[in-house]
Protein chains: 2
Amino acid sequence: MESDTYYSYDTFKRACPSHTVLETLANKWLYLVMAALKPGKRRYSDLQRKLEGVSPKMLTQTLRVLERDGMISRKVFPVVPPHVEYELTPLGYELAGLLDHLRIWSETHVPEIMKSREAFETQAETG
Amino acid sequence: MESDTYYSYDTFKRACPSHTVLETLANKWLYLVMAALKPGKRRYSDLQRKLEGVSPKMLTQTLRVLERDGMISRKVFPVVPPHVEYELTPLGYELAGLLDHLRIWSETHVPEIMKSREAFETQAETG
DNA sequence: CCGCATCCGCGAGGATACTG
DNA sequence: CAGTATCCTCGCGGATGCGG
């Protein structure tokens with residue numbers, strides 16, 4: 001079946017492209033940038049303010065990666081002072097939706113998780 | 001409203017518990033362990049074989065975190081040689097489902113993403 | 001077989017200063 | 001305003017040996 005267009009991905013294999021994608025996705029700042037852009041386009045400084053504690057380096061780096069992977073578009077307005085807008089692409093919007101489910105789920109279960117953490121620590125001391 | 005049980009989480013704030021949870025989740029090995037456990041219980045060595053390239057240290061560490069947060073249960077059989085089984089809790093199974101959506105989505109769009117990456121690199125050289 | 005202890009390299013990522 | 005450049009630290013994560 002040399003003409004088989006159905007390629008079997010295996011995320012568990014390090015060399016598999018889907019593994020690479022996963023590695024990119026499994027990132028705190030990337031996640032937060034996507035969340036911040038979901039409601040609509042935003043400027044660089046908007047993002048910097050919204051993402052508490054992000055350094056310019058990490059913000060830029062994250063935006064570049066997302067742009068590279070086609071998740072966001074970058075629009076530069078040739079004015080002084082500079083004006084740059086970032087916006088989710090249709091593809092990126094899909095991903096943002098999935099990540100949002102994750103965020104909502106997390107928030108819903110925070111109390112449960114925190115309780116589990118405390119119980120675990122307590123037992124660690126005791127045991 | 002001192003008796004208000006409705007706490008407003010903000011994942012963008014570093015101190016917010018939901019931010020902490022996110023930080024934990026945004027992790028490649030954690031993600032893969034969850035995926036590996038979704039079909040059912042597995043032994044330590046099973047996981048080690050399945051997750052290509054994982055070191056015992058990272059595997060153990062990841063399993064501990066997941067156990068701490070109540071996502072998996074750890075069952076030790078007091079036999080020689082040792083026998084330990086890991087299994088998703090109901091809570092963990094929910095999370096695994098969400099992560100699976102993400103994995104499937106990623107695999108579906110791998111070609112698109114790869115193409116975008118190539119285009120980006122090409123333009124970087126040119127531009 | 002499970003997994004802890006230890007050592008270590010290295011690069012992710014933070015802080016800061018600076019420029020078009 | 002939107003980044004880039006630079007320095008530096010810290011802990012992630014790999015490798016290995018051992019112990020129950």
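So that the names make sense, note that chain A is the first sequence line, chain B the second, and so on, each numbered from 1. Scope of the values below: all heavy atoms of this structure, side chains included, with no hydrogens, waters or symmetry mates.
- Rounded to an integer number of Å, the gap from CD of A:Glu85 to P of D:dA2 is 9 Å.
- For D:dC1, neither phosphate oxygen OP1 nor OP2 lies less than 4.0 angstrom from any side-chain nitrogen or oxygen of A:Arg43.
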Name the pairs: protein N/O against N/O of nucleotides 13-15 of chain C, kept only if under 3.5 Å.
unit_1: C:dG13; atom_1: N7; unit_2: A:Lys57; atom_2: NZ; d: 2.5
unit_1: C:dG13; atom_1: O6; unit_2: A:Lys57; atom_2: NZ; d: 3.3
unit_1: C:dG14; atom_1: OP1; unit_2: A:Trp29; atom_2: NE1; d: 3.3
unit_1: C:dG14; atom_1: OP2; unit_2: A:Trp29; atom_2: NE1; d: 3.3
unit_1: C:dG14; atom_1: O6; unit_2: A:Lys57; atom_2: NZ; d: 2.9

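- As rounded to whole Å, 13 Å separates atom C1' of D:dG14 from atom CD of B:Gln48.
- Per the geometry, CD belonging to A:Glu23 stands 16 Å off P belonging to D:dC12, to the nearest Å.
- A salt bridge links A:Glu107 to A:Arg103: at least one charged side-chain nitrogen sits closer than 4.0 Å to a carboxylate oxygen.
- Here the C1' atom of nucleotide C:dC1 and the NE2 atom of B:His83 are 10 Å apart, to the nearest Å.
- Among the atoms of the strands shown, none is found under 4.0 Å from any heavy atom of A:Phe77.
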Assess whether ring pair (Phe, Tyr, Trp, His ring centres under 6.0 Å) is satisfied between B:Trp105 and B:His109, documenting all intermediate values. CA-CA 6 Å; B:Trp105 182 89; B:His109 294 285; 4.6 Å; yes
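- Look at CG on B:Leu51: it is 11 Å from P on D:dG14, rounded to the nearest Å.
- With 3.5 Å as the limit, one finds no donor-acceptor pair spanning the side chains of B:Arg117 and B:Thr122.
- Separating the CG atom of A:Leu59 from the C1' atom of D:dG3 is a distance of 9 Å, rounded to the nearest angstrom.
- Of the side-chain N and O atoms in A:Arg42, none sit less than 4.0 angstrom from OP1 or OP2 of D:dA2.
- The residue among B:Pro81 and A:Arg74 whose nearest nucleotide of DNA chain D is located toward the 5' end is A:Arg74.
- A side-chain donor-acceptor contact under 3.5 Å links B:Tyr86 and B:Arg74.
- Look at NZ on B:Lys75: it is 18 Å from C1' on C:dC1, rounded to the nearest Å.
- Atom CG of A:Leu51 and atom NE2 of B:His19 lie 8.5 Å apart (nearest 0.5 Å).
- Distances shown here put every side-chain N or O of A:Thr60 at or beyond 4.0 Å from the OP1 or OP2 atom of D:dG3.
- Under 4.0 angstrom from either OP1 or OP2 of D:dT4 there lies no side-chain N or O belonging to A:Tyr44.
- Between the side chains of B:Tyr44 and B:Thr60, at least one donor N or O sits under 3.5 Å from an acceptor N or O.
- Under the 3.5 Å distance criterion, the side-chain polar atoms of B:Thr11 are left unmatched by any main-chain donor or acceptor of B:Ser18.
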